[in-house]
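Okay, so here's the structure we're looking at.
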Amino acid sequence: MQAGLRRYLQAYISAAPLATFRVAFGVLVLASVARFWAKGWIEELYLRPTFFFSYYGFEWVKPLGNYTYGLFIVCGLCALLVALGWWYRTAALGLFVSFTYIELMDKSTYLNHYYFVSLAAFLLVLLPAGRFFSVDAHRNPARWRSQVPRWTVDALRLLVGIVYCYAGLAKLNSDWLLHAMPLRIWLPAKNDLWLVGPLFNHPWVAYAFSWFGAFYDLTVPFFLLYRPTRIWAYATVVVFHVLTAVLFPIGMFPYVMIVAALVFFPAETHERVQARVQRWWSKRPATPRTSQPLVYAPRTRQLLLLTLGVFFVVQLLLPFRYLLYPRELFWTEEGYRFSWRVMLMEKMGQVQFKVVDSATGRARLVNNYEHLSVLQEKMMSTQPDMLVQFAHYLRDYYARRGVRNPKVYADAYVSLNGRLGKSFIDPTVDLAQVTDDLRAKPWILPFDDEITGL
């Protein structure tokens with residue numbers, strides 16, 4: 001086994017797949033930043049609200065006022081430089097830091113594909129994706145390397161495989177497979193689509209989508225790895241994600257996954273495409289380059305492998321942290337984020353906060369929209385940690401306005417995957433005194449139902 005591992009770590013492969021991923025990834029992130037700016041979401045999400053929901057341990061990450069526009073400019077510029085392979089290592093680090101900072105500014109904007117972009121950007125900082133088909137290599141031919149260690153390409157493949165397989169495992173639950181939830185809610189809302197829309201009114205279509213979705217996520221990485229099925233698997237990737245983009249408003253995620261799956265194609269495919277692009281761009285034959293492989297110094301190689309090892313151990317274990325909590329995951333959402341649980345639930349809620357002056361007993365009701373955006377209010381109403389954070393904000397807000405030792409209570413009602421709405425948290429608990437941490441939250445009321453599975 002050790003001999004096999006040694007041979008694997010010493011194996012080389014063309015750098016072309018890394019270059020393709022770098023270019024496509026950078027272009028997509030740049031497009032995402034431009035889209036965010038054009039739609040006015042920077043102002044709507046990061047400038048207008050008076051309060052932002054922080055991630056545990058990252059409370060210091062806040063929007064930068066009008067300088068937030070500059071942060072997006074830096075992110076877009078770094079994405080462009082990554083795509084070009086120009087000042088690649090610095091640009092990749094800048095992209096990882098700036099995009100991750102944007103992602104951490106407000107918990108209410110969390111999306112799985114934002115998380116994926118941060119992870120992929122981190123990998124690009126470590127991987128030699130700027131050594132081939134890049135401005136850096138063109139300007140300094142000594143940096144050009146057409147061969148890289150195989151594990152550098154497989155690291156990206158492993159990340160994509162984890163996303164798919166964990167998303168598939170998460171679908172192995174009774175709501176998804178036995179009740180076709182939440183697709184039985186979502187698909188009929190799209191019955192006005194041309195030609196196929198009327199089909200979405202039939203429950204069997206929701207069941208077919210649910211079962212195929214689970215099968216697809218669990219198997220597509222293996223079909224992409226296997227040469228005889230690769231082209232058909234990729235066609236399925238394109239169709240599946242284009243259909244997802246049409247049916248559900250989940251932003252750039254479908255296109256990110258379509259691009260990411262290209263890393264499974266053999267190097268010859270990437271080399272042919274890149275050679276055509278280079279001929280079209282320069283209008284002359286490509287300049288011959290050395291085929292000398294990239295050889296890391298022993299200590300550098302050891303540090304890179306150790307870093308990648310720790311990175312992937314965390315990615316493999318983090319989605320299972322929900323097992324540390326005693327109650328239904330979909331209800332409490334304790335351990336839900338960062339676990340590739342994509343589009344698994346329809347959770348609607350409403351919450352009314354009451355602030356009580358401890359000295360006088362006077363109570364006042366809070367208009368949430370005076371402090372939060374529409375998106376923030378929607379996300380907060382179903383997520384306990386965000387309810388606590390907003391309660392703490394209200395405590396401090398009213399204390400500054402003369403309310404003595406404010407107590408904050410919340411009446412929250414939540415509906416999960418078509419079930420009748422019910423009380424979500426204990427309305428007698430003073431949330432102003434609750435600690436916002438990673439421990440289980442006993443003040444969440446029982447679910448009184450069961451969703452079996454992973």
Side-chain angles (χ1 to χ4, degrees), residues 8-9 11-29 112-113 115-117 119-124 126-129 132-133 147-172 208-246 248 250 252-274 308 311-312 315-316 319 339-343 454:
Y8 170 77
L9 294 177
Y12 281 82
I13 192 173
S14 170
L18 282 182
T20 298
F21 184 88
R22 186 201 76 231
V23 173
F25 180 77
V27 169
L28 269 181
V29 175
N112 283 284
H113 76 271
Y115 181 43
F116 176 82
V117 169
L119 296 180
F122 177 76
L123 285 183
L124 286 179
L126 303 177
L127 302 179
F132 186 80
F133 195 65
Q147 298 287 312
V148 294
R150 180 176 174 176
W151 49 265
T152 60
V153 177
D154 285 345
L156 288 174
R157 292 171 176 169
L158 179 56
L159 178 61
V160 175
I162 288 174
V163 173
Y164 275 120
C165 289
Y166 275 61
L169 289 173
K171 290 179 173 65
L172 302 182
F209 272 61
S210 296
W211 280 80
F212 176 77
F215 175 79
Y216 166 85
D217 284 338
L218 288 169
T219 60
V220 72
F222 304 101
F223 287 132
L224 287 169
L225 282 170
Y226 187 47
R227 182 181 290 270
T229 58
R230 182 176 295 127
I231 188 65
W232 302 108
Y234 189 73
T236 304
V237 168
V238 174
V239 172
F240 180 86
H241 285 295
V242 168
L243 185 60
T244 301
V246 170
F248 310 113
I250 55 174
M252 299 293 289
F253 186 71
Y255 310 105
V256 169
M257 297 313 295
I258 289 173
V259 163
L262 290 172
V263 77
F264 288 91
F265 278 87
E268 310 86 70
T269 303
H270 296 273
E271 289 170 344
R272 286 196 298 269
V273 173
Q274 291 164 14
L308 288 173
F311 172 84
F312 282 111
Q315 297 312 310
L316 290 169
S339 60
W340 309 117
R341 299 178 185 278
V342 184
M343 300 178 62
L454 295 175

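Between F253 and H241, the angle of the ring planes goes over 60°, which puts this pair in the perpendicular group of the 30/60° scheme.
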| said: Set out, in order, the CA-CA distance, both residues' side-chain angles and the distance that settles side-chain contact (heavy atoms from CB on, under 4.5 Å) for V237 and Y164, then state yes or no. | reply: CA-CA 11 Å; V237 168; Y164 275 120; 4.0 Å; yes
| request: Take L224 and T229, measure what side-chain contact (heavy atoms from CB on, under 4.5 Å) needs, and give me the verdict at the end. | output: CA-CA 7 Å; L224 287 169; T229 58; over 6 Å; no
All N/O donor-acceptor pairs, side-chain side in residues 12-22, below 3.5 Å, sequence neighbours left out:
from: Y12; atom 1: OH; to: L294; atom 2: O; distance (Å): 3.1
from: S14; atom 1: OG; to: A16; atom 2: N; distance (Å): 3.1
from: S14; atom 1: OG; to: E271; atom 2: OE2; distance (Å): 2.7
from: T20; atom 1: OG1; to: A16; atom 2: O; distance (Å): 3.3
from: T20; atom 1: OG1; to: H270; atom 2: ND1; distance (Å): 2.8
from: T20; atom 1: OG1; to: Q274; atom 2: NE2; distance (Å): 2.8
from: R22; atom 1: NE; to: V82; atom 2: O; distance (Å): 2.8
from: R22; atom 1: NH1; to: A129; atom 2: O; distance (Å): 2.6
from: R22; atom 1: NH1; to: F132; atom 2: O; distance (Å): 3.1
from: R22; atom 1: NH2; to: A83; atom 2: O; distance (Å): 3.2
from: R22; atom 1: NH2; to: F133; atom 2: O; distance (Å): 2.7

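At least one side-chain heavy atom of F25 sits less than 4.5 Å from a side-chain heavy atom of V117. Using a 4.5 Å heavy-atom threshold, the side chains of F222 and C165 count as touching. Side-chain contact between V242 and I258: present, with at least one pair of heavy atoms (C-beta onward) separated by less than 4.5 Å. With contacts defined as side-chain heavy-atom distances shorter than 4.5 Å, the pair L158/F312 qualifies. Side-chain contact check for V220 versus Y234: every heavy-atom pair is 4.5 Å or farther apart. Looking at T236 and F223, their side chains never come closer than 4.5 Å, going by heavy atoms from C-beta outward. The shortest side-chain heavy-atom distance between W151 and Y8 falls under the 4.5 Å cut-off.
A 6.0 Å sphere centred on CZ of F212 holds more than 12 heavy atoms belonging to other residues, nucleotides or ligands.
Looking at residues two or more places apart in sequence or on another chain, you find no side-chain hydrogen bond (donor to acceptor under 3.5 Å, both in side chains) involving R272.
Contacts classified as salt bridge (Lys or Arg N to Asp or Glu O under 4.0 Å) and involving residues 213-233 (residues at least two apart or in different chains) are given here: K171-D217.
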